[in-house]
Amino acid sequence: MTQPPKMAPQLAFLGMGALGKPISKNLVLNGKLEKSLILWNRTSSRAYEHSTQIGNSVVAETIKDAISMSDIVWSCLADQDAVLETFELILKEDIKGKLFVECSTFTAEATNDLARKVIDSGGEFVAMPVFGEPGMANRAMLTCIPAGAAESVQKVVPYIVGVIGRSIVDLSGQSPGSASHAKIVGTVMVVQMIESISEAHVLAEKSGLPAESLHKVINSVFGGPFSLYSNRMMSGSYFREPVIAIGTARTAVEHVTKLTQQSSTELGAFKVASMHMEMVEKYAGAKGDIAGIYGAVRMESGLKFEN
């Protein structure tokens, strides 16, 4: 007997922040969606503006509307508090048979606890934090780390490579918290990368090596995000416009610090970078950016924060 064709799933996306906007844009542009993407944001005007820009999307005024109309619900929210507050509303609704794909950065313990609540309510849950700053998200160059029940992850995989990202670290069958754990440990390398590029650029300037020469070395030897952050430092964009707000970055650092305390681990280089991030927040306030670590290193070496 011929099986009836499966109905295309209805997708929704919650959160129109620095990563949520480009991820949802690429779901529309690259995801071959048969149904308009449903958008929701606490400030609905941001969702309406974004919908106008990307097309093939509609705005839900309430969480209830977004959830009730959707089969797969993506979310990428500012921080752990925002995630838990949003899901407190979601869990008041009937979520039986619905799949939730959570891309925010928060602790493994909180991730697993939230996953249990969703599953106990009849839903499915995949944690999928991402690596990559908003510019990379805009170009669909994210690295995505999905974890959860294998059958749930497989429903998400078609929307990753070539749609919102360039690669996948597949943790199918592992607890959702394992993805959050990997993201937090990976944050150590990201922060120390920015610290090392900052120190190299300051040393180059102080010792007379042209910044362009160092940038060529970085491009040739490391490339990728190393080149991206080196360019941001050279161009001065690190102090003009926040791409990854220093407040958001420091929240991620707090997750790392908590993990080091729980595991009795000492991270000397990371502590230095964390100290420089504190300097950035003190100097620039809410307008500070994680790449402002470069400005902090400059100040320690007798230079102005701005290059």
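Computed from a prediction, not measured in an experiment: that's the story for all the values here.
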| Quick one: salt bridge (Lys or Arg N to Asp or Glu O under 4.0 Å) pairs with a partner in residues 34-55, sequence neighbours left out? | R42-E85
| message | Tell me whether E266 at atom CD has more than 12 heavy atoms from other residues, nucleotides or ligands lying less than 6.0 Å away. | response | no
| For atom NE2 of H276, is the number of surrounding heavy atoms from other residues, nucleotides or ligands below 6.0 Å larger than 12? | yes
| Non-hydrogen atoms of P134 and A18 that approach each other most closely | CB-O, 3.6 Å
| field | Spacing of CD belonging to E212 relative to CG belonging to N219, to within rounding of 0.5 Å | value | 12.0 Å
| message | For M136 and L228: C-alpha separation, side-chain torsions, deciding distance, then whether side-chain contact (heavy atoms from CB on, under 4.5 Å) applies. | response | CA-CA 9 Å; M136 295 177 71; L228 186 151; 4.0 Å; yes
| task | Mind checking the CZ-CD1 spacing from F106 to I184? Nearest 0.5 Å is all I need. | result | 9.5 Å
| note | When every non-hydrogen atom of S121 is compared with those of L91, the smallest separation belongs to OG-CD2, 3.8 Å
| said: Between R250 and E281, does any side-chain N to carboxylate O distance fall below 4.0 Å? | reply: yes
| request: Find the distance between OG (S237) and CG (D289) and round it off to the nearest 0.5 Å. | output: 7.5 Å
| Reported CD1-to-CG distance for the pair I67 and L14, which is rounded to 0.5 angstrom | 5.5 Å
| Looking only at heavy atoms, which two atoms of A127 and A179 are closest? And how far apart? | O-CB, 3.8 Å
| query | Is it true that a side-chain atom of S207 and a backbone atom of L203 form a donor plus acceptor pair closer than 3.5 Å? | reply | yes
| field | Any donor-acceptor N/O pair, S220 side chain to K216 backbone, under 3.5 Å | value | no
| query | Under the side-chain contact (heavy atoms from CB on, under 4.5 Å) criterion, do V126 and K155 qualify, and how do the steps go? | reply | CA-CA 10 Å; V126 170; K155 296 177 184 178; over 6 Å; no
| Heavy-atom pair with the smallest gap, counting every atom of E102 and C76 | OE2-N, 4.2 Å
| message | Through direct or indirect side-chain contacts below 4.5 angstrom among Ile, Leu, Val, Met, Phe, Trp and Tyr, which residues connect to I38? | response | V58, M69
| message | Could you check whether any side-chain heavy atom of L37 comes within less than 4.5 Å of a side-chain heavy atom of W74, counting everything from C-beta outward? | response | no
| Polar side chain donor-acceptor pair, H215 to S230, under 3.5 angstrom | yes
| Among side-chain atoms of S301 and K206, is any donor-acceptor pair under 3.5 angstrom? | no
| said: Return the CE to CD1 distance between M141 and I164, rounded to the nearest 0.5 Å. | reply: 13.0 Å
| field | Contact check, side chains of K21 and I54, non-hydrogen atoms, under 4.5 Å | value | no
| Tell me, which pairs form a ring-ring contact (aromatic ring centres under 6.0 Å, His included) where one or both residues lie in residues 30-66, sequence neighbours left out? | none
| query | Quick one: does V256's side chain get under 4.5 Å of L259's, heavy atoms only? | reply | no
| query | Sub-3.5 Å donor-acceptor pair from the side chain of S152 to the main-chain atoms of G148, do we have one? | reply | no
| task | Step by step, work out the side-chain contact (heavy atoms from CB on, under 4.5 Å) result for V73 and V101. | result | CA-CA 6 Å; V73 181; V101 184; over 6 Å; no
| said: I'd like to know if the side chain of S198 reaches the main chain of Y294, judged simply by a donor and an acceptor atom lying under 3.5 Å from each other, with no hydrogens or angles considered. | reply: yes
| request: Apply ring-ring contact (aromatic ring centres under 6.0 Å, His included) to the pair F100 and F87, showing each step before the final yes or no. | output: CA-CA 10 Å; F100 293 85; F87 271 86; 5.7 Å; yes
| request: Taking Q174 for its side chain and A147 for its backbone only, find out whether a donor-acceptor pair lies under 3.5 Å. | output: no
| message | Please report whether the ring centroid of Y229 lies less than 6.0 Å from that of Y238. | response | no
| message | Looking at E109, is its backbone amide N or carbonyl O close enough to the side chain of D113 to form a donor-acceptor pair, meaning the two atoms are under 3.5 Å apart? | response | no
| Quick one: does S51's side chain have a donor or acceptor within less than 3.5 Å of a partner on S57's backbone? | yes
| query | Are the charged groups of E205 and R298 less than 4.0 angstrom apart, N to O? | reply | yes
| query | In Å, rounded to the nearest 0.5 Å, how long is the span from CE of M193 to OG of S196? | reply | 7.5 Å
| Atom of S227, atom of I218 and distance for their closest heavy-atom approach | N-CG2, 3.9 Å
| T265 and S263: side chain donor to acceptor below 3.5 Å | yes
| query | Any Lys/Arg nitrogen of E306 or R240 sitting under 4.0 Å from an Asp/Glu carboxylate oxygen of the other? | reply | no
| query | Quick one: does S104's side chain have a donor or acceptor within less than 3.5 Å of a partner on L77's backbone? | reply | yes
| request: Could you give me the CA-CA distance, side-chain angles and deciding distance for L99 and D71, then say whether side-chain contact (heavy atoms from CB on, under 4.5 Å) is met? | output: CA-CA 6 Å; L99 168 61; D71 304 304; over 6 Å; no
| field | E241 bridged to K287 by N-O distance under 4.0 Å | value | no
| With ring centroids as reference points, do F305 and Y283 lie under 6.0 angstrom apart? | yes
| query | Will you find, in the side chains of S36 and N56, an N or O donor that is under 3.5 Å from an N or O acceptor? | reply | yes
| said: Main chain of G135, side chain of E133: is a donor-acceptor contact present, judged purely on distance under 3.5 Å? | reply: yes
| query | So, for V130 and C144, which heavy atoms are closest and what is the spacing to 0.1 Å? | reply | CG1-SG, 3.9 Å
